[in-house]
Amino acid sequence: MTTAIIGTGNIGSRLAADLVAGGADLLLAGNDLADAQSLAQALGERATAVTVDQAIDQADVIIFAVWLDTTKQLFAEYGDRLSGKILVDPSNPIAPDGNDGFAKTIAVDESAGQILAALVPAGARLVKAFGTLSAESLGSASRRAPDRAVGFYAADDEAAGKVVAELITAAGFDPLAIGGLDQSIRIEVFGDLHEFGALGKPVNRAEALAAL
């Protein structure tokens, strides 16, 4: 399967590095093709810079490493062209709260995963993954030994979840399903399974299972 990452910011670039280090071949796209080209050049021959249109058309799995509103716009814009594809959402809808902290930009009891689940184009399948750890932890905890850090994911479609679990493994983490997309809030920022929630750090499988 061909995998694309749309978004070359902190999360997208760090995740791309993890996946390439794990032997994955990637298409990289973003608002600025030059940024994608620079990242691809830094990552080597396994990474190829493409336009967003090319990423949408060529990839079987698309990781939307962008803000929630941008993902919503892309779902609406590309519609039927996303049919048959696995769409991965790592987004955490937060913004500065004006008091040196952050607050959710959606309702406290809402999750980006559930919002997007209602907007997924017909024939596409959504998986929530890769947003439970900060960009820094995606780098420092990848391929941690001997107790590999867990990468949580949520999916309504078991087959799509398994495909993304393989990518989580390639990125250097131990994949662990938490249930369907209705559980997405648990692995988004402030959720009990998020690094910045009750866990407070990347955890191994034993620690993760104790928290489920």
Side-chain angles (χ1 to χ4, degrees), residues 1-68 70-91 112-113 116-117 119-131 133 135 138-139 142-143 151-175 177 181:
M1 284 195 172
T2 302
T3 301
I5 297 178
I6 297 177
T8 56
N10 289 338
I11 295 295
S13 59
R14 184 62 260 176
L15 180 57
D18 286 347
L19 286 168
V20 165
D25 294 317
L26 297 176
L27 302 178
L28 302 176
N31 282 335
D32 190 331
L33 180 58
D35 286 345
Q37 290 170 332
S38 294
L39 179 58
Q41 183 175 16
L43 293 177
E45 62 183 12
R46 288 192 176 277
T48 302
V50 295
T51 65
V52 173
D53 273 353
Q54 290 171 324
I56 294 293
D57 288 339
Q58 296 176 23
D60 304 294
V61 182
I62 306 169
I63 301 170
F64 290 84
V66 294
W67 293 106
L68 171 61
T70 301
T71 302
K72 290 163 65 176
Q73 292 168 7
L74 291 170
F75 280 13
E77 178 180 352
Y78 287 98
D80 291 345
R81 287 167 67 179
L82 295 171
S83 180
K85 301 180 185 293
I86 297 171
L87 315 178
V88 184
D89 169 42
S91 68
L116 292 176
L119 301 174
V120 173
R125 296 170 289 170
L126 179 69
V127 179
K128 183 78 187 185
F130 295 121
L133 299 176
L138 281 173
S142 176
R143 273 167 274 279
F152 294 107
Y153 69 95
D156 290 340
D157 186 283
E158 183 178 356
K162 287 182 177 179
V163 170
V164 174
E166 292 176 358
L167 289 175
I168 293 171
T169 299
F173 297 91
D174 182 8
L181 291 168

Colleague: Rounded to the nearest 0.5 Å, what separates atom CD1 in Ile56 from atom CD in Glu77?
Modeller: 8.5 Å
Colleague: Return the CD to OG1 distance between Gln37 and Thr48, rounded to the nearest 0.5 Å.
Modeller: 11.0 Å
Colleague: Under 4.5 Å between any side-chain heavy atoms of Asp89 and Val127, yes or no?
Modeller: no
Colleague: Hey, are Arg81 and Asp53 close enough for a salt bridge, meaning a charged N less than 4.0 Å from a carboxylate O?
Modeller: yes
Colleague: Does Val88 reach the side chain of Val61, with side-chain heavy atoms less than 4.5 Å apart?
Modeller: yes
Colleague: Using the side chain to side chain contact (heavy atoms under 4.5 Å, CB included) rule, take Asp35 and Leu28 through it: C-alpha gap first, then chi angles, then the decisive distance, then the call.
Modeller: CA-CA 9 Å; Asp35 286 345; Leu28 302 176; over 6 Å; no
Colleague: Shortest non-hydrogen contact from Thr8 to Leu39?
Modeller: CG2-CD2, 4.0 Å
Colleague: Could you tell me the separation between the CG atom of Leu138 and the OG atom of Ser13, rounded to the nearest 0.5 Å?
Modeller: 9.5 Å
Colleague: Tell me the closest heavy-atom pair linking Ala21 and Arg143, and the distance in Å.
Modeller: CB-NH2, 3.4 Å
Colleague: Atom CG in Leu119, atom CG in Leu87: separation rounded to 0.5 Å?
Modeller: 11.5 Å
Colleague: Under 4.0 Å between a side-chain nitrogen and a carboxylate oxygen: does that hold for Lys85 and Asp60?
Modeller: no
Colleague: Taking side chain as C-beta onward, heavy atoms only, is Pro121 less than 4.5 Å from Tyr78?
Modeller: no
Colleague: So do the side chains of Phe64 and Ile6 get within less than 4.5 Å of each other, counting heavy atoms only?
Modeller: yes
Colleague: Considering all heavy atoms of both residues, which atom of Ala171 and which atom of Ser142 are nearest to each other, and what is their separation?
Modeller: O-OG, 2.6 Å
Colleague: Are the side chains of Leu15 and Ile5 in contact, using a 4.5 Å heavy-atom criterion?
Modeller: yes
Colleague: Please examine the side chains of Met1 and Val163, heavy atoms only from C-beta on, and report whether any two atoms are closer than 4.5 Å.
Modeller: yes
Colleague: Considering only heavy atoms from C-beta outward, does the side chain of Thr71 approach that of Phe75 to under 4.5 Å?
Modeller: yes
Colleague: Would you give the length of the straight line joining atom CG of Asp25 to atom CG of Leu19, rounded to the nearest 0.5 angstrom?
Modeller: 10.5 Å
Colleague: Are more than 12 heavy atoms, taken from residues, nucleotides or ligands other than Asn10, located less than 6.0 Å from that residue's CG atom?
Modeller: no
Colleague: Check Ala65 against Gly12 and note the closest heavy-atom contact, atom names and distance.
Modeller: CB-CA, 3.7 Å
Colleague: State the CG-CG distance between Leu26 and Leu167, to the nearest 0.5 angstrom.
Modeller: 8.5 Å
Colleague: Of all the heavy-atom pairs spanning Ser83 and Gly123, show the shortest one and how long it is.
Modeller: OG-CA, 3.7 Å
Colleague: At their closest point, which heavy atom of Ile63 faces which heavy atom of Pro90, and how far apart are they?
Modeller: CG2-CG, 4.2 Å
Colleague: Would you find more than 12 non-hydrogen atoms of other residues, nucleotides or ligands less than 6.0 Å from Asp80 atom CG?
Modeller: no
Colleague: Find out whether Lys128 and Ser91 are in side-chain contact, i.e. whether some heavy atom of one side chain is under 4.5 Å from a heavy atom of the other.
Modeller: yes
Colleague: Look at the side chain of Thr70 and the backbone N and O of Val66, then say whether any donor-acceptor pair between them is shorter than 3.5 Å.
Modeller: no
Colleague: Taking side-chain contact (heavy atoms from CB on, under 4.5 Å) as the definition, give me every residue that meets it alongside Gln58, ordered by chain and number, with sequence neighbours left out.
Modeller: Leu27, Gln54
Colleague: Decide, yes or no, whether a salt bridge links Lys162 with Glu158 under the criterion of side-chain N to carboxylate O below 4.0 Å.
Modeller: yes
